Amino acid sequence: MSVNEADVRGNFIQDIIDEDLASGKNAGRVHTRFPPEPNGWLHIGHAFAINLDYGLAVANGGKFNLRFDDTNPLKEDQEFVDSIMADVAWLGADWEDRLFFASDYFQEKYDFAVGLIKKGLAYIEDLSADEMRQYRGTLTEPGRNSPYRDRSVAENLDLFERMKNGEFADGTRVLRAKIDMASPNITLRDPALYRIRHAHHHRTGDKWCIYPMYDYSHPIGDYLENITHSLCSLEYVDHRPLYDWVIENIDHTPTLPGRPRQTEFGRLGLTYTLMSKRKLRRLVEEGHVAGWDDPRMPTISGLRRRGYTPSSIRTFCEKSGVARKNMVMDLALLEYCIREELNASAHRTMAVLKPLKIVLENYPEGQVEWLEIENNPENPEAGSRKVPFSRTVYIEHEDFMENPPKKFHRLVLGGEVRLKGAYIIKCEQVIKDEVTGEVIELRCTYDTESKSGGPASGRKVKGTSHWVSAEHAVPAQVRLYDTLFTQENPEQAPEGEDFISLINLNALVVEDAMVEASLAEAKPGDRFQFMRQGYFFVDPVDAKEGQLAFNRIVGLKDSWSKGLKS
RNA sequence: AGGGGAUUGGUCUAAUGGUAGGACAACUGACUCUGACUCAGUUUGUAGAGGUUCGAAUCCUUUAUCCCCUGCCA
């Protein structure tokens, strides 16, 4: 039971925290936050960030806040606040009583901005957005100072107040920090701090018509919440000097020792899918998937609907690294994590996806035996269940072959196979459709001495098949999911095409299956292993009374069919 | 006249001047009343070139490649 050393060893952020703790910084506090913008759905890349923020807080005896970054009323909505809260909670990150919004501090942010103006560190810009772009320079050329840069403090104060009072139209003016128009770091070329938006905000209503920009709002939120370690993704590295500038220049009187520090880490990506909010939206809007919670989507809601557990996602995030570079994790690792968990916990059941009828000619008509089958060989405490056996059963169509390749372990004409937990049967006759030639039924006999668990059950045959009793089986819809895209990196579409052309049209295959009788009791949200098929989840939306719907979370590893393809 | 990040097998990650190790993937084989699980084994790596050193993934020089930055988005 030893945990792998690599798993418990810290990452570079934990190293920073260790140093801070050792040096007595922040009086030994560790306080993180997850700051989503409520303008879309969370995906597994966000799960990674949440797990990092929350995990680091917990591991260091600290606290974790959930704070919505709602500074842009044009894009944000309560609907997203609700779905994000549900996702974060589902993942197991507990913000306790610390749910905040950037908009909670609009007044403080305004007051701090007035302070900056008074210090001559901010000014009102009259240039249009276009003109500002001209003045900003380029990546290789410095910018020029705005003609409005040297307005008096009094004028700036007056203008800012009138901006707040709604005297000016959207886009006519903006408050800018006075830093350095020649900085090689474009972020520091007098960044905008406030813009005018006569828009209804989902929380503050019409109280404000000026809204702070992220770069100004975020450090203040961190500061007011006494955040110690403000973790964000790599693209904010260039913004760190501005983050520090804001913290250093606002007029604050810290309530707790220390100040927030921004640390950046690489985002997590996944093979065979995308994380781009814009592209995921296209998939939904163009109808390539059924919605944001489509089980093919890499969204948290999609993974949840697919049947992934929060713990498997956490394990996956923990097994992924933390580094100062963006990473693309192998989908296989995520699948490994859910298989590992469900192998230990999921009850085994039998479901036949493509039924092939078998009549056991020497089995008495009308006889039914209730056979005892263990629920989970990995866990004896999971007990057993009774499964009905009768003269007519279904097996998986692909478990019979007329012209089998070498090493085929299942039924062939004249061959034998064990029906899991039941008897060994022998195929005596193949019945085909007269028109199509397709195999539609097998006539078999069973070995009366071979009953599972019986005194003479020790005889070995090379294969075991899962089955259901025709008379007792329950019909169920089974959705077999595969990767959303056909290519590992859907961002790399061929010349002249885009990622839409790489969508895997077989990512969803629906089968009308026959499942064992015990599954009639399955409840929405239950997870099972369908023996030899994979792990399945009772769809919480589509499964209704008397109407079973299962989502394949992940298939079992299959070294047999894999070998056939090559 | 640009600035900022980064580069260890297919993927992710350890090794902080002293045996390049782990996980996943892949491949063999054993086992198997799940071709699962489990077990045993195998393949694959320090981006290149110089240098310092008894010794370099690690330090120095240099080259290459990839990512981010010119929103009144976050």
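Computed from a predicted model, the values in this text were never measured in an experiment. Each chain gets a letter, A, B and so on, in the order its sequence line appears, and its residues count up from 1.
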Would A:D104 and A:R67 pass as an ion pair if we require N to O under 4.0 Å?
no

Sugar-phosphate only, base, or nothing, as touched by A:Y336 at under 4.0 Å among non-hydrogen atoms
sugar-phosphate

Looking at B:C12, B:C72, B:A26, which one has an atom nearest to any side-chain atom of A:A192?
B:C72

Quick one: is B:A36 close enough that its OP1 or OP2 comes under 4.0 Å of any side-chain N or O from A:S559?
yes

At under 4.0 Å, does any side-chain N or O of A:K325 touch on OP1 or OP2 of B:C68?
no

Under 4.0 Å between any heavy atoms, over every strand shown, what does A:A129 touch: base, sugar-phosphate, or nothing? Just pick one.
base

With heavy atoms under 4.0 Å as the rule, sort A:P36 into base, sugar-phosphate or nothing.
nothing

Using a cut-off of 4.0 Å on non-hydrogen atoms, how would the nucleic acid contact of A:L139 be classed: base, sugar-phosphate, or nothing?
base

With a 4.0 Å cut-off on heavy atoms, is A:F408 in touch with a base, just the backbone sugar-phosphate, or nothing at all?
base

Give a yes/no on whether any side-chain N or O of A:T187 is located under 4.0 angstrom from OP1 or OP2 of B:G3.
no

Remember a base hit wins even if backbone is also touched, and classify A:M132 as base, sugar-phosphate or nothing at under 4.0 Å, heavy atoms.
base

Would you indicate which nucleotide in B:G5, B:G3, B:G35 comes nearest to any side-chain atom of A:R324?
B:G5

Describe the nucleic acid contact of A:G453 in one word from base, sugar-phosphate, nothing, applying a heavy-atom distance below 4.0 Å.
base

Per A:R197 side chain, nearest of listed nucleotides B:A25, B:C73, B:G2:
B:C73

Classify the nucleic acid contact of A:R532 as base, sugar-phosphate or nothing, counting any heavy atom under 4.0 Å across all strands shown.
base

When the C1' atoms of B:A23 and B:A14 are compared, how many Å lie between them, rounded to an integer?
11 Å

Flag the pair A:K451 and A:E369 as a salt bridge only when some basic side-chain nitrogen lies within less than 4.0 angstrom of an acidic carboxylate oxygen.
yes

Strictly by Watson-Crick or wobble contacts shorter than 3.5 Å, is anything paired with B:A15, and which nucleotide is it?
none

Looking for any heavy atom pair under 4.0 Å, which part of the strands does A:K407 touch: base, sugar-phosphate only, or nothing?
base

Looking only at side-chain atoms of A:D330, point me to the closest of B:G10, B:U7, B:A1.
B:G10

For A:V328, which contact category applies under a 4.0 Å heavy-atom criterion: base, sugar-phosphate, or nothing?
sugar-phosphate

If you take atom types as modelled and just measure distance, does the side chain of A:D238 reach the base of B:G3 with a donor-acceptor pair under 3.5 Å?
yes

Between A:K557 and B:A25, does any side-chain N or O lie under 4.0 Å from OP1 or OP2?
yes

Who does B:U28 pair with, Watson-Crick or G-U, both distances under 3.5 Å?
B:A40

Taking 4.0 angstrom as the limit, do A:R532 and A:E396 come out as a salt bridge?
no

Other residues, nucleotides, ligands: >12 heavy atoms within 6.0 Å of A:Q78 CD
yes

Mate of B:U7 where both pairing distances stay under 3.5 Å, Watson-Crick or G-U
B:A64

Which value, in whole Å, describes the distance between the C1' atoms of nucleotides B:A64 and B:A47?
8 Å

How about CZ on A:R267, more than 12 heavy atoms from neighbouring residues, nucleotides or ligands closer than 6.0 Å, or not?
no

In whole Å, measure the gap between the P atoms of B:G4 and B:U62 for me.
15 Å

Residues A:E491, A:K279: salt bridge by 4.0 Å N-O rule
yes

Distance between C1' atoms of B:G10 and B:G3 (Å, rounded):
33 Å

With a 4.0 Å cut-off on heavy atoms, is A:E37 in touch with a base, just the backbone sugar-phosphate, or nothing at all?
sugar-phosphate

Does A:R195 place a side-chain N or O at less than 4.0 Å from the phosphate oxygens OP1/OP2 of B:A74?
yes

Should the side chain of A:Q529 and the base of B:U34 be counted as holding a donor-acceptor pair, with the cut-off at 3.5 Å?
yes

Are any of the side-chain nitrogens in A:E225 or A:R33 under 4.0 Å away from the carboxylate oxygens of its partner?
no

Contact class for A:D69 (heavy atom, under 4.0 Å): base, sugar-phosphate, or nothing?
sugar-phosphate

Can you tell which of B:U13, B:G2, B:U34 lies closest to the side chain of A:I186?
B:G2

Side chain of A:R136 - closest among B:U16, B:G35, B:U70
B:U70

Closest approach to the side chain of A:W560, judged atom by atom: which nucleotide of B:C12, B:G3, B:G35 is it?
B:G35

Closest of B:U70, B:C12, B:A74 to the A:T138 side chain is B:U70

Pick base, sugar-phosphate or nothing for A:T464, based on heavy-atom distances below 4.0 Å to the nucleic acid.
sugar-phosphate

No-H, no-angle donor-acceptor pair, A:Y236 side chain to B:A74 base, under 3.5 Å:
yes

Taking atom NZ as the centre, does A:K164 end up with more than 12 heavy-atom neighbours from other residues, nucleotides or ligands that are less than 6.0 angstrom away?
yes

N-glycosidic conformation, B:G71 - syn within 90 degrees of 0, else anti
syn

Looking only at atom C1', what distance separates B:A57 and B:U13, rounded to whole Å?
14 Å

So, A:E264 and A:R324, do they make that salt bridge, N to O below 4.0 Å?
yes

Verify the contact: side-chain N or O of A:R339 to OP1 or OP2 of B:C24, cut-off strictly under 4.0 Å; return yes or no.
no

By the Watson-Crick or G-U definition, both distances under 3.5 Å, B:C73 is matched with none

What's the closest nucleotide to the A:R348 side chain, out of B:U34, B:C24, B:C68?
B:U34

With sugar-phosphate meaning primed atoms plus P, OP1 and OP2, does A:L127 contact a base, only sugar-phosphate, or nothing at under 4.0 Å between heavy atoms?
base

Presence of A:R133 side-chain N/O under 4.0 Å of B:G71 phosphate oxygens OP1/OP2:
yes

